[in-house]
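Please read the structure below before turning to the comments.
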Amino acid sequence: MKRALEDLLKTALTQLQTDGWLAADITLPAVVVERTRDRSHGDFACTVALALAKAAKRKPREIAVALQERLPIDARVVRTEVAGAGFLNFFLAANAYQSIINQALTLAENFGRSDLGAGRLVQVEFVSANPTGPLHVGHGRGAAYGSVVAALLAAVGFRVHREYYVNDAGRQMDILATSIWLRYLELCGESFRFPANGYQGNYVWDIAATLHRIHGDGLRIAADEVFAAIPEDAPNAEEQAAGIGPAGDKEAHIDGLIERAKQCLGEMRYRTVFDGGLTSIIADIRDDLAHFGVEYDEWYSERSLTERGKVTEAIERLKAAGYLYHKDGAWWFRSSDFGDEKDRVMVRENGQSTYFASDIAYHLEKLARGFDWVVDIWGADHHGYVPRIKAALTALGEDANRLRVMLVQFAILYRNGARMQMSTRSGEFVTLRELRKEVGKDAARFFYVMRSSEQHMDFDLDLAKSQSNDNPVYYCQYAHARVCSVFRTMAEKGLTWDRENALNHLDRLTEDHEQVLLATLARYPATIEAAALSYAPQLLATYLRELANDFHTLYNAHTFLVDDAPLRDARLALIAAVRQALGNGLSLLGVSAPDKM
RNA sequence: GCGCCCAUAGCUCAGAUGGAUAGAGCGUUGGCCUCCGGAGCCAAAGGUCAGAGGUUCGAAUCCUCUUGGGCGCGCCA
């Protein structure tokens, strides 16, 4: 419809020039038609007269009137008016929106989908939490946001590749492996002080127990031998509170233990422990996300990059291009030449490449894998990372615009009006699994995406759990269930719905509430488009609340199951179409649309 | 100290590419009502869009500065 009006206006504009009303050498501004906010301004409005005023040296209203006079006739437009400073408003025929009903009913689950993306291939990488423990609530927002962005892009015709980057290399994983082994040693009967910097969570015990079940005492080394000549540890949280404990360096201590584990176990057996922890935690994360409605096309291993020489290759390419230099025994990338704050180390003094180096390799691989572009969804704490990755891509002649990084701000959980403390260090963090069990998948997902991703959000646990109209999830689902209920009641009354008859009598929908609901329903496809193209799920969430609201308002004002059959059929068609939009929209958000509640 | 992000009604937040009188829900106040599905309906009050400049026909939206908050500034990942 928007497009049609824009065409009418373009015709009128060129007519102005051929008439000589407007100088032919004026460059015409883009014709933009937008939906009005206020219904008294009609259905659509155009501001081109305002934009043209200066170049044309005419008053905006004069231009608008001239345009109005030259607009081609269109049956869908009942009336136009020039208003305000020079707005040209369009009033559509009452039946202009009616076709949306048939469209929704006919397309059914495809209602709202389009082929805007034309099959272009887009990768969406999200969550990608280190596999060193269960996901916590901080990951939940990225998980919900990423999966909805992916679903939206798919809905508008992109081929979407959902990916989880598994950081299965690096020091954190070594700390996990060592933590598991130490717990295993305890299960074998060894006793010692567990390192302050080790992973404290109960899941470490669980993995160690599995290891013990499989290997018995096969991986056991005497504690004295393990801890011999290891640098002293620092106090753990409890000791620090009590003012006791060793006075060393926890980093040096754990690094020493990692080295010792590798020596004692040898490469093969160390790898056994390491992989045991990795696969166990990945399996747990995968299960957790699946229950949260998040599925991936690929779990991409960081270690595989190294094994295939991709990290070395990336370093060599930068070196060959002249962007690396040697200083203090390390290799530095000149990222400051490309807008980064400072240069970054690629290869450490000890010869190990940094995480940054493998991340460059990973992003080069992403671009090389044939995606038209890639979307990274990161926690806001990684924002400083964006310039350096883009710097590396630019330095290597890649188009950094093919990488789009979306930063998701943190969510703060509230219970009984009080902020919940979340400390990842102590192991007391709220896990995503706990959140899901407490408020349910539907509410958790909806709450996470109903706010703009760049906005800090307060997550009200009590509201998310409540079964009342105050709860936006419940409110939307309830609207869906209510439509289903009307159809059940209809059947109980021995009535049937005649869809053909309904479509022939849509002009019976003359009530204000019906017109409002119809106009809102008609916005559904455009909402999906906007939400997808701007990676903004909250546009859809907000829309669904509006649609549900307009439906509930109509429901409270009028009875659907009236004796007048044509009117009844028409109303049922309207609400059936609304149900379709609600169901499709909720499905994109990964939220269920129940038939009864 | 430097950098990125944020600031909208009492609260939680919408306001996609600058458009007309800045919206919703909750809460507050007043009046109705009990209907297909759990209480609903109608109305009112409530705002210097953090502050100050600027850009232009027009700014919550873009630019600069100030204030306040979040985050980041490792040869960690």
Side-chain angles (χ1 to χ4, degrees), chain A residues 30 32 34 36-38 40-41 45-47 49-54 59-60 83-87 89 128-130 132 167 169-175 251 302 327-332 340-342 344-359 379-387 407 409-410 412 414 417 450-452 454-460 463 467-472 475 478 481-490 492-493 526-527 529-536 538-539 541-543 545-546 549 552-553 555-562 596-597:
Chain A
V32 179
E34 44 194 35
T36 54
R37 247 182 251 170
D38 189 330
S40 70
H41 296 142
C46 178
T47 57
L50 292 155
L52 199 54
K54 196 167 193 185
K59 288 178 185 166
F87 296 93
N89 295 336
S128 300
N130 280 348
T132 53
N167 295 119
R171 181 163 171 267
Q172 293 304 321
M173 286 305 297
D174 281 322
I175 295 177
E251 306 291 348
E302 177 188 359
K327 193 185 89 178
D328 302 333
W331 283 96
W332 297 70
D340 196 8
E341 295 169 22
K342 51 188 276 196
R344 311 287 174 179
V345 170
M346 294 280 291
V347 183
R348 285 177 243 168
E349 206 173 352
N350 65 11
Q352 292 253 304
S353 59
T354 57
Y355 172 81
F356 178 46
S358 45
D359 221 12
D381 53 337
H382 285 74
H383 66 80
Y385 216 72
V386 181
L407 298 171
Q409 298 291 330
F410 298 129
I412 300 166
Y414 282 82
M450 73 180 174
R451 306 302 182 205
S452 150
E454 60 207 28
Q455 195 67 249
H456 301 258
M457 71 172 278
D458 289 350
F459 192 124
D460 185 338
L463 180 59
Q467 300 263 308
S468 77
N469 290 347
D470 299 349
N471 182 344
Y475 193 67
Y478 183 34
R482 228 174 183 182
V483 176
C484 295
S485 168
V486 171
F487 276 88
R488 280 194 299 272
T489 307
M490 177 196 77
E492 281 163 20
K493 290 188 174 179
T527 302
E529 234 180 80
L533 296 182
S534 48
Y535 307 131
Q538 84 277 5
L539 294 178
T542 304
Y543 169 83
R545 292 170 72 179
E546 254 181 80
N549 178 60
H552 286 305
T553 304
Y555 182 98
N556 289 323
H558 298 283
T559 306
F560 303 125
L561 301 175
V562 293
K596 58 175 80 169
M597 297 176 71

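A note on names: the letters A, B, ... follow the listed sequences, proteins ahead of strands, and every chain is numbered from 1.
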Taking only nitrogen or oxygen atoms into account, show me every contact under 3.5 Å that the protein makes with nucleotides 30-37 of chain B, one pair per line with its distance.
unit_1: B/C36; atom_1: O2'; unit_2: A/Thr489; atom_2: OG1; d: 3.1
unit_1: B/C36; atom_1: N1; unit_2: A/Tyr555; atom_2: OH; d: 3.4
unit_1: B/C36; atom_1: N4; unit_2: A/Tyr555; atom_2: O; d: 3.1
unit_1: B/C36; atom_1: N4; unit_2: A/His558; atom_2: O; d: 3.2
unit_1: B/G37; atom_1: O2'; unit_2: A/Tyr478; atom_2: OH; d: 2.5
unit_1: B/G37; atom_1: O2'; unit_2: A/Arg482; atom_2: NE; d: 3.3
unit_1: B/G37; atom_1: O2'; unit_2: A/Arg482; atom_2: NH2; d: 3.3
unit_1: B/G37; atom_1: N7; unit_2: A/Ser485; atom_2: OG; d: 2.2
unit_1: B/G37; atom_1: O6; unit_2: A/Arg488; atom_2: NH2; d: 2.7

Rounding to the closest angstrom, what is the interatomic distance between B/C6 and B/U17 at atom P?
-> 13 Å

When we call it a touch if two heavy atoms are under 4.0 Å apart, what does A/Gln538 touch: a base, just sugar-phosphate, or nothing?
-> sugar-phosphate

What's touching nucleotides 17-21 of chain B from the protein side, N or O pairs under 3.5 Å?
unit_1: B/A20; atom_1: N6; unit_2: A/Asn89; atom_2: OD1; d: 2.6
unit_1: B/A20; atom_1: N1; unit_2: A/Asn89; atom_2: OD1; d: 3.4
unit_1: B/A20; atom_1: N1; unit_2: A/Asn89; atom_2: ND2; d: 3.1

In Å and rounded to the nearest 0.5 Å, what is the CG to CG distance from A/Asp460 to A/Asp470?
-> 10.0 Å

Kindly write out the residues that satisfy side chain to side chain donor-acceptor pair (under 3.5 Å) with A/Asn549, not counting sequence neighbours, or none if the list is empty.
-> A/Tyr475

Please measure how far the P atom in B/C11 lies from the corresponding atom in B/A50, and state the result in whole Å.
-> 14 Å

B/A59 versus B/G18 - spacing of their C1' atoms, nearest Å | 6 Å

Output a table of nitrogen or oxygen pairs between the protein and nucleotides 69-71 of chain B separated by less than 3.5 Å.
unit_1: B/C71; atom_1: O2; unit_2: A/His383; atom_2: NE2; d: 2.8

For A/Arg488, all residues meeting salt bridge (charged side-chain N to carboxylate O under 4.0 Å, His left out), sequence neighbours excluded = none

Classify the side-chain pair A/His552/A/Arg482 by whether it contains a donor and acceptor separated by less than 3.5 Å.
-> yes

Distance, nearest 0.5 Å, that separates OH of A/Tyr478 from OH of A/Tyr555 = 6.0 Å

Euclidean distance for C1', B/G27 against B/C13 (whole angstrom) | 14 Å

Name all stems that contain residues of RNA chain B, defined as runs of 3 or more consecutive Watson-Crick or G-U wobble pairs, both distances under 3.5 Å.
-> B:1-7 with B:67-73, B:10-13 with B:23-26, B:28-32 with B:40-44, B:50-54 with B:62-66

B/U12 and B/G72, which share atom name P, separated by this distance in whole Å | 23 Å

Considering only heavy side-chain atoms of A/Arg348, the closest of B/C76, B/A14, B/C13 is B/C76

Taken to the nearest whole Å, CD/A/Glu302 to P/B/C76 is 14 Å

Could you state the interatomic distance from OG1 (A/Thr553) to CD (A/Glu546), rounded to the nearest 0.5 Å?
-> 11.0 Å

Could you work out the separation of B/C75 and B/G15 based on their C1' atoms and round it to a whole Å?
-> 46 Å

Do A/Tyr543 and A/Arg545 come within less than 4.5 Å of each other through their side chains, counting heavy atoms only?
-> no

At under 4.0 Å, does any side-chain N or O of A/Gln352 touch on OP1 or OP2 of B/C76?
-> no

Determine which pairs satisfy side-chain hydrogen bond (donor to acceptor under 3.5 Å, both in side chains) with at least one residue from residues 344-353 of chain A, sequence neighbours left out, and list them in order.
-> A/Asp340-A/Arg344

Taking atom C1' in both B/A7 and B/A22, compute the distance separating them and give it to the nearest angstrom.
-> 16 Å

For A/Tyr385, which contact category applies under a 4.0 Å heavy-atom criterion: base, sugar-phosphate, or nothing?
-> base

Tabulate atom names and distances for all N/O pairs under 3.5 angstrom spanning the protein and nucleotides 23-28 of chain B.
none

Does A/Lys342 have a side-chain nitrogen or oxygen under 4.0 Å from the phosphate oxygens OP1 or OP2 of B/G3?
-> no

Looking across every strand, which nucleic acid part, if any, lies under 4.0 Å from A/Thr132 by heavy atom: base, sugar-phosphate, or nothing?
-> nothing

Base, sugar-phosphate, or nothing for A/Asp328, non-hydrogen atoms under 4.0 angstrom?
-> base

Walking RNA chain B from its 5' end, the first of A/Tyr355 and A/Glu454 to be reached, judged by nearest nucleotide, is A/Glu454

Heavy-atom pair with the smallest gap, counting every atom of A/Ala49 and A/Gly86 = CB-O, 3.6 Å

Are any non-hydrogen side-chain atoms of A/Thr354 and A/Val347 less than 4.5 angstrom apart?
-> no

Does B/A7 have OP1 or OP2 sitting under 4.0 Å from an N or O in the side chain of A/Gln455?
-> yes

Between A/Asp458 (side chain) and A/Ile412 (backbone), is there a donor-acceptor pair under 3.5 Å?
-> no

Does the pair A/Gln538 and A/Arg451 meet the rule for a side-chain contact (heavy atoms from CB on, under 4.5 Å), with working shown?
-> CA-CA 5 Å; A/Gln538 84 277 5; A/Arg451 306 302 182 205; 5.7 Å; no

Can you name the side chain to side chain donor-acceptor pair (under 3.5 Å) partners of A/Tyr535, sequence neighbours left out?
-> A/Trp373

Please list, chain by chain and in numerical order, all residues satisfying side chain to side chain donor-acceptor pair (under 3.5 Å) with A/Trp332, sequence neighbours excluded.
-> none

How far does the P atom of B/A24 sit from the matching atom of B/C62, given to the nearest Å?
-> 24 Å

A/Ser358 side chain to A/Tyr355 main-chain N or O, any donor-acceptor pair under 3.5 Å?
-> yes

Within this structure, what is the CG-to-C1' distance between A/Asp458 and B/C13, rounded to whole angstrom?
-> 10 Å

Rounded to whole angstroms, how far apart are OH on A/Tyr414 and C1' on B/C13?
-> 13 Å

Just jot down the salt bridge (charged side-chain N to carboxylate O under 4.0 Å, His left out) partners of A/Glu454, sequence neighbours excluded, or say none.
-> none

For A/Met450 and for A/His552, find the nucleotide of RNA chain B with the closest heavy atom, then tell me which residue's nucleotide is more 5'.
-> A/Met450

Side-chain donor-acceptor pair present, A/Gln172, A/Asn130, cut-off under 3.5 Å = no

Side chain to side chain donor-acceptor pair (under 3.5 Å) with A/Ser128: which residues, sequence neighbours excluded?
-> A/Glu125

Between B/C75 atom P and A/Glu349 atom CD, what is the distance in whole Å?
-> 11 Å

